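Working notes, structure below.
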Amino acid sequence: MNAETRAALLFLAPAMLLIGIFFFAPVIAGFALSLTDFDLYTIGDIHNLRFIALRNYRELLGSSIFWTAFGNTLYFALVGGPLTVIVSLGAALLVNTRLTRYKAFFRTVYFAPVVTTLVAVSIVFKYLYHPRFGVVNRALGHIGLGPVDWLGDPRFAMLSIIILAVWKGFGYTMIIFIAGLQNIPEELYEAAKIDGAGPWGRFRHVTVPMLGPTFLFVGIVVAIGQLQIFAEPYVMTMGGPLNRTVTAVMLMYQQGFKWWRMGYAAAVAFILFLVIGAATLVQMRFQEKR
Amino acid sequence: MNRRAQSIALHTTLAIGAIITLFPIFWMLSASFMTAGEATVVPPHLVPHAPTLAQYRELFVRLNIARAFVSSTVIAVIVTIGCVLFSSMAGYAFAKLRFPGRQRLFGLLLIALVIPPQVGMLPLFLLMKQLHLVNTYWGAIIPSLATVFGIFLIRQFMLSIPQELLEAARLDGASELRIYWSIVLPLARPILATLATFMFMSTWNDFMWPLIILSNQSHYTLPVAIASLSGEHVLDVELMMASSVLTVLPVLLLFVVLQRYYIAGLMAGSVKG
């Protein structure tokens, strides 16, 4: 081994050991765990552990709470994801025009929710959504709407959480869109103008295609993040009403850390992993086609 | 539409957006200074009529929130220091040192970016139990001490440090450790600041892992503490708003001061990612 390799080994050792032991090993063990009946009795005595192959998965696919939880999670991601992208792209376009003054100020303001603590703002929104004294219903009352029981009505509960998620997250993707917009050469817009394209034409034929890779990155990052939704329903609804806000990670948390059915919970986590992988691949494939 | 009208429409839209964005934060602050019950009166008060620190006093004196404040700070500070140190060491090796299998190892690491952490959480908990680290600060700290994101961020930055600089130091007889410490780290200061800001904030805001690993109230971080508080004090709106302010304000202020580094980090992670 030469000196450089030896040095590299020393520099890498702490991080690789930490990541290996506390990330990769547990991930692999998680898959193994999902093939066992690890539960409360196993924690008491490890000899109770049995290999049961895919029985956890079979049981999951046959249970209604599984389909509810994954359905809710997909609903959250499929509505919340595009909404986040639209709002953040709109904000990026407005902040980035040549006319706009105080750009840094607006960028900072729109970004502020991103750095707030999710648990804390979930508590704040819970009160903003309150059916009687919540500010949202009061504002709606002024224009003759409502009152709506935002978190208590099965039709609106997940939607309310989506609005919180968009508010909390759009600043992050806005920054990425601004970076993408600034990479588009000004000449392309000039050329389109000479060809007679209006503002909408320039947006459709210059901005959108040039932002292609940015859309892909944003889409994947947002999907990965949103499919892991947990803290908002944990704080705001505990999964209710009528299980409308139970999510995949919440199901895993309850089964694994409340009822200690760890084998079963590991299967939930692993299916979530597959869903996230599929969401990533679908978006990459879609991008290739365009 | 002429230019002036356009400008007015544009800035009005931006201002409305800013008001909507800031309103929940403003209301949280405002309600935290209200007397008990004032946040729920009809017609509503947007600002406290007789501002008071009663809610904060209650949190510190009776509910001992300072303990959670200390836990959050200890965990976030140690994670930040450790993560910057270990990630910069590994990032340096990946960017500047040649060794067999470098590309393959780095590629393997990147896989971690698409694996949701929940997949490993159950075995990780069992491992922590074996190590007697459940309900300790170390249990919350260790899994974040080195992150793939950090290594990636620092490697990308260090690729741009000229190789000749390091070769020259080697010819002068400097040890590898000395090169890393006295030449590479000072040059990498901006990206180290970015990673430090990023790690501090994400650790401070983290919820799920602390919730799992810190089962005893004496070690709760702020997010875990206020989530548990909000179950018992559902009706104490003003109190809950004060506890939210205590949780959010430190990171929000830090962001305002360090936003240059934070946003630079997001862009670096995204543009090249």
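In this text the structure is predicted, and so the values were computed from the model without any measurement. Numbered from 1 within each chain, the chains take letters A, B, ... in sequence-line order.
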Who in residues 273-282 of chain A is close to chain B, using a strict under-4.5 Å heavy-atom cut-off? Phe273(A), Ile276(A)
Taking atom CG of Leu126(B) and atom CD1 of Ile46(A), what is their separation to the nearest 0.5 Å? 8.0 Å
Which portion of Phe31(A) sits near chain B, non-hydrogen atoms under 4.5 angstrom: neither
Can you list the steps and then say if Phe170(A) with Thr21(B) is a side chain to side chain contact (heavy atoms under 4.5 Å, CB included)? CA-CA 10 Å; Phe170(A) 84 94; Thr21(B) 307; 4.0 Å; yes
Please classify the contact between Ile123(A) and chain B as side chain, backbone, both or neither, with a heavy-atom cut-off of under 4.5 Å. both
Please work out which of the three classes, parallel, tilted or perpendicular, describes the rings of Trp260(A) and Phe125(B), given edges at 30° and 60°. tilted
If you tally heavy-atom pairs under 4.5 Å between each of Tyr127(A), Phe38(A), Phe125(A) and chain B, the highest tally belongs to Tyr127(A)
Pick whichever of Val251(B), Leu222(B), Ile115(B) has the most heavy-atom pairs under 4.5 Å with chain A. Ile115(B)
Using the test side chain to side chain donor-acceptor pair (under 3.5 Å), find all partners of Ser34(A) that sit at least two apart in sequence or belong to another chain. Tyr57(A)
Intermediate values then yes/no, side chain to side chain contact (heavy atoms under 4.5 Å, CB included), Leu211(B) and Tyr234(A): CA-CA 11 Å; Leu211(B) 175 73; Tyr234(A) 182 91; 3.8 Å; yes
Say you draw a straight line from CG of Leu105(B) to CE of Met16(A); how long is it, rounded to the nearest 0.5 Å? 5.5 Å
Are any side-chain N or O atoms of Asn205(B) and backbone N or O atoms of Leu118(A), one a donor and one an acceptor, separated by less than 3.5 Å? no
Using heavy-atom distances under 4.5 Å, tell me whether Phe23(A) contacts chain B through its side chain, its backbone, both, or neither. side chain
Which of the residues Lys96(B), Arg98(B), Arg102(B) is involved in the greatest number of heavy-atom pairs with chain A at under 4.5 angstrom? Arg98(B)
List the steps, then state whether side chain to side chain contact (heavy atoms under 4.5 Å, CB included) holds for Gln259(B) with Phe111(A). CA-CA 10 Å; Gln259(B) 56 166 315; Phe111(A) 193 81; over 6 Å; no
Largest heavy-atom contact set with chain B, pairs under 4.5 Å, which of Gln228(A), Met262(A), Met238(A), Lys126(A): Gln228(A)
Among Val135(A), Leu33(A), Leu227(A), Ile220(A), which residue has the highest count of heavy-atom pairs closer than 4.5 Å to chain B? Val135(A)
Can you tell if the side chain of Met121(B) reaches within under 4.5 Å of the side chain of Pro26(A), non-hydrogen atoms only? no
Interface residue of largest heavy-atom contact number with chain B, from Ala269(A), Gly256(A), Gly171(A), Ala120(A), under 4.5 Å: Ala120(A)
Phe133(A) atom CZ, over 12 foreign heavy atoms within 6.0 Å: yes
Residues of residues 4-12 of chain A with a heavy atom under 4.5 Å from any heavy atom of chain B, in residue-number order, are Glu4(A), Thr5(A), Ala7(A), Ala8(A), Leu10(A), Phe11(A), Leu12(A)
Evaluate the criterion side chain to side chain contact (heavy atoms under 4.5 Å, CB included) for residue pair Phe255(B) and Thr108(A); output intermediate values, then yes/no. CA-CA 9 Å; Phe255(B) 163 66; Thr108(A) 305; 3.9 Å; yes
Under 4.5 Å from a heavy atom of chain B, the part of Leu94(A) involved: both
Give, for atom CD1 of Ile19(A) and atom OG of Ser87(B), the distance between the pair rounded to the nearest 0.5 Å. 7.0 Å
Could you report the tightest heavy-atom contact between Ala227(B) and Val119(A), atom names first, then the distance? CB-CG1, 4.0 Å
Please determine, among Pro100(B), Gly231(B), Ser244(B), the option with the most heavy-atom pairs under 4.5 Å with chain A. Ser244(B)
Without placing hydrogens or testing angles, list every side-chain donor-acceptor pair under 3.5 Å for residues 7-19 of chain B, not counting sequence neighbours.
residue	atom	partner	partner atom	Å
Ser7(B)	OG	His11(B)	ND1	3.3
His11(B)	ND1	Ser7(B)	O	2.8
His11(B)	NE2	Arg101(A)	N	2.9
Thr12(B)	OG1	Ile8(B)	O	2.5
Thr13(B)	OG1	Ala9(B)	O	2.7

What part of Val268(A) lies closer than 4.5 angstrom to a heavy atom of chain B: side chain, backbone, both or neither? neither
Engaged part of Leu99(A) at the chain B interface, taking heavy atoms whose separation is under 4.5 Å: both
Rounded to the nearest 0.5 Å, what separates atom CE in Met250(A) from atom CE in Met208(B)? 10.0 Å
Identify which of Leu17(A), Val124(A), Thr214(A) forms the greatest number of heavy-atom pairs closer than 4.5 Å to chain B. Val124(A)
I'd like to know which of Leu246(B), Ile212(B), Ile226(B), Leu145(B) tops the heavy-atom pair count under 4.5 Å against chain A. Ile212(B)
